[in-house]
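Okay, structure first, notes after.
In what follows, residues are counted from 1 in the order of the sequence shown. All values reported here derive from a predicted model rather than from experimental measurement.
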Amino acid sequence: MTVLGIETSCDETAAAVVRGPASPEILSNVIRSQIDEHTEFGGVVPEIAARAHIEVLDRIVAEALAEAKCSFDDIDAIAATAGPGLIGGVIVGLMTAKAIAMAAGKPLIAVNHLEGHALTARLTDDLGFPFLLLLVSGGHSQFLMVRGIGDYERLGTTIDDAIGEAFDKTAKLLGLPYPGGPAVEQMARKGDPNRFRLPRPLLDRPGLDMSFAGLKTALRTQAQKLEPVDDQTVADLCAAFQKAVAGVLSARTRTALDLFRERYPDIQPAIVVAGGVAANQEIRSALTEAAEQAGARFVAPPMRLCTDNAAMIAWAGIERLRLGPVDDMNLSPRPRWPLDQISGSVLGSGKKGAKV
């Protein structure tokens with residue numbers, strides 16, 4: 001099957017063509033970032049993001065088809081992010097996918113953006129079910145048990161800030177440019193992670209929930225004590241913050257792997273890290289070490305597939321197309337859509353809400 005995927009949930013406009021499920025192949029994966037549009041505001045402005053998607057999405061789709069050497073006649077289905085995300089952007093992508101599906105007479109598949117991240121490891125690493133997923137992005141930080149397509153159990157989540165959000169807020173607090181995550185990581189390379197000791201919230205409690213707001217507050221307190229802070233102090237604070245985050249994730253990963261072994265004693269555990277924060281090298285190293293110590297397989301998609309992209313949406317479309325049911329034109333976008341609340345049939349035609 002050859003599927004065209006469309007992703008517009010935040011500030012990347014993306015289209016891709018993926019073939020599978022046997023011998024999966026990414027034929028194209030075109031991504032247009034909106035960093036320049038949002039830099040002066042220090043974060044993503046939803047209305048600007050939606051307008052930017054409108055301006056370029058048609059061209060991005062055309063580029064993806066051209067790069068894949070495909071026409072709509074060669075496409076078996078259209079997959080698009082239907083949520084969660086910024087509702088304006090989701091509407092743009094879903095409306096475009098509906099128009100293409102109707103005009104070309106192709107099936108439409110509504111994809112949960114988080115499921116796209118969750119299933120990427122099956123595209124890149126031929127991973128079987130079940131496995132553990134650590135989803136870390138600007139809006140989500142959670143551990144999930146992935147038992148099958150549409151079969152997810154949330155084991156733990158952040159009780160306040162998502163990790164990516166905490167990175168962005170830390171960058172803004174320290175006067176670093178947007179996007180904050182890469183800026184903090186770059187400064188951390190020049191810093192001493194042991195100069196400041198920052199807390200590891202919730203590690204004294206059982207379970208897999210996480211907290212990062214207190215960590216961010218502790219960093220702000222340290223910075224205020226030393227104002228005005230010089231470049232080296234900023235680098236040291238970034239290094240200490242990044243080390244604390246990696247420590248929390250590493251400890252929680254060990255707990256998650258213990259839980260996996262309890263439930264599936266005859267299966268070698270595998271932990272997949274996905275989402276934009278998975279591109280952070282120190283976090284990857286800490287998680288790799290935790291997995292190795294636990295005798296588990298560690299899987300992280302290539303960097304280009306960690307951040308938002310349409311290849312993961314197209315692949316999730318292929319995975320769902322194998323199950324049989326497809327979506328109709330009455331489906332509605334969902335700005336909030338927890339991964340553990342979806343099923344084998346994604347949205348269907350009976351959901352309430354504004355039609356697109």
Side-chain angles (χ1 to χ4, degrees), residues 114-137 139-164 166-167 193 198-212 215 242-303 305-306 312 319 338-342:
L114 305 181
E115 186 169 45
H117 282 301
L119 299 178
T120 299
R122 287 173 53 81
L123 165 65
T124 60
D125 291 82
D126 190 29
L127 186 64
F129 298 118
F131 60 85
L132 282 168
L133 171 67
L134 171 57
L135 182 59
V136 280
S137 66
H140 302 88
S141 300
Q142 51 192 246
F143 283 93
L144 297 117
M145 189 76 75
V146 181
R147 296 184 290 243
I149 308 302
D151 187 3
Y152 308 98
E153 178 189 356
R154 186 167 60 182
L155 304 174
T157 187
T158 176
I159 63 173
D160 41 56
D161 292 351
I163 297 176
F167 267 94
L198 298 178
R200 274 67 167 165
L202 296 189
L203 287 191
D204 59 340
R205 302 182 190 179
L208 289 169
D209 283 342
M210 298 166 283
S211 171
F212 298 101
L215 173 59
Q242 188 171 260
K243 180 179 179 180
V245 171
V248 169
L249 293 179
S250 177
R252 286 305 196 220
T253 295
R254 291 185 178 90
T255 301
L257 289 169
D258 288 341
L259 177 61
F260 187 98
R261 288 188 184 280
E262 289 177 10
R263 294 193 183 183
Y264 303 100
D266 299 325
I267 300 176
Q268 182 191 18
I271 176 76
V272 174
V273 59
V277 181
N280 183 288
Q281 289 299 304
E282 180 162 344
I283 289 175
R284 279 198 182 212
S285 296
L287 295 176
T288 300
E289 182 179 354
E292 289 177 350
Q293 291 177 351
R297 180 182 177 188
F298 175 75
V299 180
M303 294 293 188
L305 298 180
C306 283
M312 70 179 189
E319 293 267 36
L339 189 54
D340 55 335
Q341 293 181 18
I342 70 175

Under a 3.5 Å distance rule, please check whether [X] uses its side chain to pair with a backbone N or O of [Y] as donor and acceptor.
X	Y	result
Ser250	Ala246	no
Arg154	Pro338	no
Asp209	Gly156	no
Thr157	Ser141	yes

Close side-chain approach of [X] to [Y], heavy-atom, < 4.5 Å:
X	Y	result
Leu119	Ile149	yes
Pro193	Gln242	no
Ile159	Leu202	yes
Val272	Leu127	yes
Arg261	Leu257	no
Arg200	Lys243	yes
Met145	Tyr264	yes
Val248	Phe212	yes

Rounded to the nearest 0.5 Å, what separation is found between the [atom1] atom of [X] and the [atom2] atom of [Y]?
X	Y	atom1	atom2	result
Arg263	Glu153	CZ	CD	4.0 Å
Leu198	Leu215	CG	CG	5.5 Å
Asn280	Met303	CG	CE	8.5 Å
Leu114	Met312	CG	CE	8.0 Å
Met210	Phe143	CE	CZ	5.5 Å
Glu289	Phe298	CD	CZ	11.5 Å

### Task
Under the side-chain contact (heavy atoms from CB on, under 4.5 Å) rule, what do Phe129 and Val146 come out as? Steps first, then yes or no, please.
CA-CA 7 Å; Phe129 298 118; Val146 181; 3.6 Å; yes
Could you tell me which non-hydrogen atom of [X] sits nearest to which non-hydrogen atom of [Y], and how far apart they are?
X	Y	result
Thr253	Ala290	CG2-CB, 4.4 Å
Ile342	Leu339	CG1-O, 3.3 Å
Ala296	Gln268	C-NE2, 4.3 Å
Ser211	Asp160	OG-OD2, 2.6 Å
Ala278	Cys306	CB-SG, 3.8 Å
Pro301	Val273	CD-O, 3.1 Å

### Task
Please assess Ile163 against Leu249 for the test side-chain contact (heavy atoms from CB on, under 4.5 Å), listing each intermediate value before the final yes or no.
CA-CA 10 Å; Ile163 297 176; Leu249 293 179; 3.5 Å; yes
### Message
Test of understanding: with side-chain hydrogen bond (donor to acceptor under 3.5 Å, both in side chains), list the residues that count as partners of Arg252, not counting sequence neighbours.
### Response
none
### Summary
The side-chain hydrogen bond (donor to acceptor under 3.5 Å, both in side chains) partners of Glu319 (sequence neighbours excluded) come to Arg122, Trp315, Arg322
### Query
Passes side-chain contact (heavy atoms from CB on, under 4.5 Å), Phe260 versus Ile267? Steps please.
CA-CA 9 Å; Phe260 187 98; Ile267 300 176; 4.2 Å; yes
### Task
Could you verify whether a donor N or O on one side chain and an acceptor N or O on the other, from Gln293 and Arg254, lie under 3.5 Å apart?
yes
### Matching residue for Tyr152 among Gln341, Glu115, Gln142 - test: side chain to side chain donor-acceptor pair (under 3.5 Å)
Glu115
### Query
Run the side-chain contact (heavy atoms from CB on, under 4.5 Å) check on Val245 and Phe167 step by step: do they pass?
CA-CA 9 Å; Val245 171; Phe167 267 94; 4.2 Å; yes
